[in-house]
Amino acid sequence: MKLATSDSIVILTGAGISKESGLDTFRDTDGAWAKVRIEDVATPEAFLRNPARVHEFYNARRRRLGDARPNPAHEALAKLEAEWPGEVLLVTQNIDDLHERAGSRTLIHMHGELLKARCAFCHTESAWDRDMSVQDVCWSCGRRGGIRPHVVWFGEVPLEMERIFGALADCALFVSIGTSGHVYPAAGFVGAASSGGAHTVELNLEPSAGASLFDECIHGPAGTVVPEFVARLLAKV
């Protein structure tokens with residue numbers, strides 16, 4: 001891999017990196033998602049039909065964040081951003097705040113953030129670290145009943161896609177960490193980066209559905225392979 005220290009890097013992270021901090025993934029057979037139907041808790045229609053049920057599910061997930069801590073993979077990515085001379089953009093599919101707590105700052109939450117709320121009426125956003133309910137009043141428009149988690153549900157468009165694809169077209173290195181390769185549009189990021197001439201690397205516990213699309217694949221626990229890979233990059237500085 002030939003990479004100049006002025007080159008830009010785009011990193012995608014998925015549920016695999018947060019799993020090592022104790023948070024459930026979408027595909028865990030015994031996790032929070034296995035106990036509900038997507039249609040009941042993770043669609044705009046579910047919120048219209050039974051907002052109290054949706055709030056119950058996300059309130060429980062929000063409370064669990066307090067027990068999770070950034071792991072060595074999160075910390076290594078924050079170190080890379082701090083020490084790499086070129087630009088480093090971190091794009092995460094995760095709605096937790098573990099990257100921020102580890103020190104990452106140039107970060108896009110393409111699927112939203114669990115510690116933010118959005119008003120379904122006026123569409124403004126605000127930090128939110130407590131339980132939500134149908135009785136909450138919007139801080140902006142003053143209407144009751146429209147406060148919802150600032151997360152991208154099934155049927156909604158991920159956030160900041162134009163910025164992400166612009167960065168993928170310009171980067172010299174694209175790294176995908178802890179993703180299944182099944183979920184679009186994130187599963188298409190490797191193709192976009194490759195089309196722009198970037199070197200592409202998968203760091204994953206096991207080969208993803210799109211592993212064959214990458215120039216380089218390294219498999220193992222994120223807490224081990226990510227710090228080792230970051231150390232290789234920073235050795236160039």
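Quick caveat, the model's predicted, so the values are computed rather than measured.
Interatomic distance, NE2 of His123 versus SG of Cys138, reported as 10.5 Å (0.5 Å rounding). With rounding to the nearest 0.5 Å, the separation of CH2 in Trp84 from CG in Asp7 is 7.0 Å.
Residue Leu12 is not grouped with residue Ile9 when hydrophobic side chains (ILVMFWY) are merged at heavy-atom distances under 4.5 angstrom, including chains of intermediate members. Linking ILVMFWY side-chain heavy atoms closer than 4.5 Å, directly or via other members, places Phe47 and Phe57 in a single hydrophobic cluster. In the hydrophobic clustering of ILVMFWY residues, with side-chain heavy atoms under 4.5 Å counting as a link, Val183 and Val91 come out apart. The cluster map of Ile, Leu, Val, Met, Phe, Trp and Tyr, joined by side-chain heavy atoms under 4.5 Å apart, puts Met110 and Ile17 in different clusters. The hydrophobic cluster containing Leu203 also contains Leu3, counting ILVMFWY residues as joined when their side-chain heavy atoms lie under 4.5 angstrom apart, directly or transitively.
Judged by distance alone, with hydrogens and angles left aside, the side-chain atoms of Arg148 form no donor-acceptor pair with the main-chain N or O of Gly145 at under 3.5 Å. Between the side chain of Arg144 and the main chain of Gln135, a donor-acceptor pair closer than 3.5 Å is present. Looking only at distances, no side-chain donor or acceptor of Asp40 sits under 3.5 Å from a matching main-chain atom of Ala46. Proximity of a side-chain donor or acceptor of Asp129 to a complementary backbone N or O of Leu115 within less than 3.5 Å is not detected. Within the 3.5 Å criterion, the main-chain N or O of Cys119 finds no donor-acceptor partner in the side chain of Arg143. In this structure, Thr106 contributes its side chain and Leu89 its backbone to no donor-acceptor pair below 3.5 Å. Side chain of Asn94 to main chain of Ala15: a donor-acceptor pair is present (N/O by atom type, distance under 3.5 Å, no hydrogens or angles). In this structure, Glu81 contributes its side chain and Arg105 its backbone to a donor-acceptor pair below 3.5 Å. In this structure a side-chain-to-backbone donor-acceptor pair under 3.5 Å is present from His55 to Ile147. Checked by atom type and distance alone, the side chain of Glu202 never pairs as donor or acceptor with a backbone atom of Phe214 at under 3.5 Å.
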For Thr200 and Leu213: C-alpha separation, side-chain torsions, deciding distance, then whether side chain to side chain contact (heavy atoms under 4.5 Å, CB included) applies. CA-CA 8 Å; Thr200 59; Leu213 302 175; over 6 Å; no

Side chain to side chain contact (heavy atoms under 4.5 Å, CB included) evaluation trace for Arg62 with Met132: CA-CA 10 Å; Arg62 194 178 298 106; Met132 291 183 190; 3.5 Å; yes

Can you list the steps and then say if Val151 with His111 is a side chain to side chain contact (heavy atoms under 4.5 Å, CB included)? CA-CA 6 Å; Val151 298; His111 290 164; over 6 Å; no

Carefully, step by step, assess His74 and Arg69 under the rule side chain to side chain contact (heavy atoms under 4.5 Å, CB included). CA-CA 9 Å; His74 295 104; Arg69 296 290 181 271; over 6 Å; no

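Between Ala209 and His182 the shortest heavy-atom distance is CB-CE1, 3.7 Å. Here the closest heavy-atom approach between residue Ala186 and residue Gln93 is recorded as CB-NE2, 3.3 Å. Of all non-hydrogen atoms in Pro70 and Glu75, the two that sit nearest each other are O-OE2, 3.9 Å. Here the shortest heavy-atom pairing between Phe154 and Pro44 reads O-CD, 3.4 Å. In terms of heavy-atom proximity, Trp139 sits nearest to Ala117 at CH2-O, 3.7 Å. Annotation for Ser104 and Leu77: closest pair OG-C, 4.3 Å, computed over non-hydrogen atoms.
Checking each of Asn71, Asp96, Thr13, Thr92 against Ser18 for a side-chain hydrogen bond (donor to acceptor under 3.5 Å, both in side chains) leaves exactly one that passes, namely Asp96.
Residues Val237 and Pro85 meet the side-chain proximity criterion, which asks for heavy atoms closer than 4.5 Å. The shortest distance between side-chain heavy atoms of Trp128 and Asp136 falls below 4.5 Å. In this structure the side chain of Leu234 reaches within 4.5 angstrom of the side chain of Leu80, judged on heavy atoms. Between Leu23 and Leu65 there is a side-chain heavy-atom pair separated by less than 4.5 Å. Residues Ile95 and His150 fail the side-chain proximity criterion, which asks for heavy atoms closer than 4.5 Å. For the pair Pro149/Arg61, no side-chain contact is recorded, criterion being any heavy-atom separation below 4.5 Å from C-beta on.
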Return all side-chain donor-acceptor pairs below 3.5 angstrom for residues 158-178, not counting sequence neighbours, or 'none' if the list is empty.
| residue | atom | partner | partner atom | Å |
| --- | --- | --- | --- | --- |
| Glu160 | OE1 | Arg163 | NH1 | 3.1 |
| Ser176 | OG | Thr179 | OG1 | 3.0 |

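A side-chain N or O of Glu100 and one of His109 form a donor-acceptor pair less than 3.5 Å apart.
Atom CZ of Arg53 has more than 12 neighbouring heavy atoms from other residues, nucleotides or ligands inside a 6.0 Å radius.
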